[in-house]
Amino acid sequence: MTKSNSPFIKTFRFETANDYTVDLSQASFSATLKEAIFSAICSIGGGYRRKTLMTLMYGVNVLVKMMEDDTQLRTAKVFPGDILNRLREKAEEGNLHWSSRNVIVHRCAAVLTWIHRHRNKSIARNAILTVESFTDDGTIGRKKTHHSDEVLRRIMRACEEEIDMYWERFQLGKKLLKGKFSNREEEQLAELLSTLTTIGNGFIPRQKDIAAHGLAYQAGKAGGIDYLRTFIHLTADSALPFYLHITAQLAGNALAVFDISRDCIINHEILENSEIVTWAKGRSKHQSRAFDKRKKNAAPNLLRKLFMMTESLVKLAPPQDANKVFLHYYGATGSKQLSWATIHQRLETFIKKHKLPNFDPNDLRPSVGDLHAQVAGIHAAKKVLNQKKVTTTERYLNKERVEEAQDKLIWKFQGILVDSAQKLHSSNSERIATDGRRATTFGFDCKDPLAGIAPGSRKGEKCNQFKNCAECSGSIVVLDDPLIIAKLLQAHSHLTNWRSIANARGWGTRFIKIYQDTFDIIDREILPLVPMHTRPLAKSMVDSLPPLPDLE
């Protein structure tokens, strides 16, 4: 960590994250109290990770704003004894989530406690440094909710409607600034945008600067500053639908997705029409998910639009924010990453506008997990949530809803399972059963290989994952059928052998990409569940099975 020449500016440096600068130099209250707050931040935040330091400053900034806005506090030489209670009242005024309010009061309580211990002449001796936490009582906040498939679809449709609107407006802005317009109305808007961006050095200037040039009425008539800025770059309003849609697609932690970096898209190593989006999350080094880039609103395509809408903002952002995706214009100070509080403030308007049930970005991850578990089973949910263990996924999901959906699936396909067990043939080569099912390479039976269930497959064409169907919702495994278990034992041995061959021949990465998931499901999830009385007979049948083909 290095200190700037200014007594109230300090840059924190991190080995695995961007620098973060704390700047209280412009705070307009007593220098004594400013020094006390600044010293507390430097001491407390010295061992913090960047994200934790940001939450500390989120609370401190509210305290600073409160002191600047209050005449008595602005001129005070000592923090009053009720300063923390005043802060709690201040936090209660805004339309913040109850957990965000707790961040404000508890982070500031830590700062004020440090000041009481190390700068006791700067705070009243009788200061109350404990504060009652905000709780979810139904009016202040809300608990994480598992929303239905229908609600998720409504949210996504609302996001897509606004994404199209803001993207078309941004594209129109680029055209108008090049002097291209289709009618008189567009010509007038082009003239206004050109004049304003000339004043603002490429951006829509602040209200006082617009007024100084006699353009306040004209700008207001055209829609106002916030509206006009959406023609030029990303704003807090236009960022929200992109953020919600991407968060749902990634099924990621809401805060982790919000902090996603601009280098998050990489090419898929095998599928040419797919791209992978990666992002960091807490203790995990990274998480990732693949998408078909041919789909209009696939996450990589939405991210590329965001890159274009924020390209002009990157050069104005401080170093710690320059690689972030969700940037917005911040007046004379340039640009910076949007705040979590701003997202929540815009969310309320978004919900009312589209007549949606009350929801929070944190709800999207468990809701998407529920949907995958209901449609394709808990392993599909585990995969989409990027979780290593099924037990973790089980704790994460809405147990009753998933169990109800699984029961319905069991009832629906009980007849198919029984029929499958009765009609199995000894041949392990690909065949078509009388009911249309096909036996796949590694011991699974497929309900319909033309259904287009697997990622990248198209309905009506043979599944492109026919050798990697362990997690497919169309696969059928009868655990007490000796012939099926014999095929799985053979597949387990075959994959083990070819993994060694792949590593020796230099295509171990390809093996992992194509076959490792299948091996893991057979090894960890299926074989341990096989009844004991089935195992001996299944093992005795392995040698009589036709050999499996070599892996390409």
Side-chain angles (χ1 to χ4, degrees), residues 26 28 61 65 68-69 94-95 158-159 161-244 305-318 321-322 324-339 341-354:
Q26 301 302 313
S28 56
N61 287 334
K65 183 69 165 58
E68 290 178 330
D69 292 343
N95 184 32
C159 289
E161 177 184 322
E162 294 210 355
I163 286 169
D164 289 343
M165 176 186 71
Y166 284 120
W167 176 247
E168 289 172 8
R169 191 180 299 170
F170 173 71
Q171 292 288 86
L172 176 60
K174 291 173 61 179
K175 185 181 76 169
L176 295 178
L177 288 176
K178 292 179 180 178
K180 300 177 182 179
F181 37 80
S182 304
N183 50 53
R184 178 55 183 163
E185 183 181 356
E186 287 189 0
E187 182 180 4
Q188 292 176 337
L189 179 58
E191 291 175 357
L192 178 61
L193 290 175
S194 178
T195 301
L196 292 175
T197 52
T198 299
I199 297 170
N201 294 318
F203 299 92
I204 304 296
R206 294 174 296 177
Q207 184 67 46
K208 68 176 185 178
D209 296 324
I210 293 176
H213 286 78
L215 296 170
Y217 174 77
Q218 195 174 349
K221 186 178 179 181
I225 291 178
D226 291 339
Y227 172 75
L228 292 172
R229 282 177 175 163
T230 59
F231 286 91
I232 309 300
H233 52 71
L234 192 70
T235 67
D237 290 318
S238 57
L240 179 65
F242 283 92
Y243 166 66
L244 294 175
K305 289 180 178 179
L306 287 171
F307 297 160
M308 294 177 64
M309 296 171 77
T310 56
E311 184 177 2
S312 61
L313 300 173
V314 173
K315 61 185 179 183
L316 300 179
D321 289 343
K324 300 304 179 186
V325 173
F326 295 102
L327 299 174
H328 73 137
Y329 188 62
Y330 203 61
T333 59
S335 68
K336 68 175 186 176
Q337 186 179 21
L338 279 162
S339 73
T342 299
I343 287 293
H344 276 88
Q345 290 166 358
R346 298 304 194 278
L347 181 62
E348 182 180 12
T349 302
F350 179 85
I351 289 172
K352 289 180 179 178
K353 177 182 177 181
H354 295 282

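The analysis underlying the following values was restricted to heavy atoms, covering all of them including side chains, and did not include hydrogens, waters or symmetry mates. Nothing fancy with the numbering, it's 1 onward along the sequence.
A side-chain donor from one of S339 and T342 sits under 3.5 Å from a side-chain acceptor of the other. Defined by atom type and a distance below 3.5 Å, a donor-acceptor pair is present between the side-chain atoms of E162 and H354. A donor-acceptor pair shorter than 3.5 Å can be found between the side chains of T230 and R169.
Between the side chain of S335 and the backbone N or O of A317 there is at least one donor-acceptor pair closer than 3.5 Å. Under a 3.5 Å cut-off, the side chain of D321 and the backbone N or O of Q337 do form a donor-acceptor pair.
Side-chain contact between T235 and D226: absent, with no pair of heavy atoms (C-beta onward) separated by less than 4.5 Å. The shortest distance between side-chain heavy atoms of L327 and K336 does not fall below 4.5 Å. Taking the side chain as every heavy atom from C-beta outward, C159 and F350 approach each other to under 4.5 Å. Two residues are said to be in side-chain contact when any heavy atoms from C-beta on lie closer than 4.5 Å; Q188 and F181 fail this criterion. Within the 4.5 Å cutoff, no side-chain heavy atoms of F231 are placed close to those of K174. Using a 4.5 Å heavy-atom cutoff, the side chains of H233 and T310 are not in contact. Two residues are said to be in side-chain contact when any heavy atoms from C-beta on lie closer than 4.5 Å; L193 and L228 meet this criterion.
Between P205 and I199 the shortest heavy-atom distance is CG-CG2, 4.0 Å. The two residues L172 and E186 come nearest to each other via the heavy atoms CD1-OE2, 3.9 Å. Shortest non-hydrogen contact noted between A190 and L176 is CB-O, 3.7 Å. Closest non-hydrogen pair, A216 versus I210, comes out as N-CG2, 3.7 Å. Residues L306 and V325 approach most closely at CD1-CG1, 3.6 Å, considering heavy atoms. When all heavy atoms are compared, the tightest approach of I232 to G202 is CG2-O, 3.7 Å.
The CD atom of Q171 sits 8.5 Å away from atom NZ of K305, with the distance rounded to the nearest 0.5 Å. Atom CD1 in I163 sits 10.5 Å away from atom CE in M165 (nearest 0.5 Å). With rounding to the nearest 0.5 angstrom, the CD atom of Q218 is 7.5 Å from the CG atom of L196. Here H213 contributes atom NE2 and T195 contributes atom OG1; the two are 10.0 Å apart, rounded to the nearest 0.5 Å. Rounding to the nearest 0.5 angstrom, the gap separating the OG atom in S238 from the CZ atom in F326 is 10.5 Å.
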Evaluate H328 against L234 for side chain to side chain contact (heavy atoms under 4.5 Å, CB included), listing each step before the verdict.
CA-CA 6 Å; H328 73 137; L234 192 70; over 6 Å; no
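A salt bridge links R206 with D209: the distance from a Lys NZ or Arg NE/NH1/NH2 to an Asp or Glu carboxylate oxygen falls below 4.0 Å. With salt bridges taken as basic N to acidic carboxylate O contacts below 4.0 Å, one links R346 and D237. Of the charged side-chain nitrogens involved, at least one lies within less than 4.0 Å of a carboxylate oxygen, so that E187 and R184 count as a salt-bridged pair.
Taking the six-membered ring where the residue is Trp, F203 and Y329 present parallel rings, their angle staying beneath 30° rather than reaching 60°.
Atom CD of E191 is surrounded by more than 12 heavy atoms from other residues, nucleotides or ligands within 6.0 Å.
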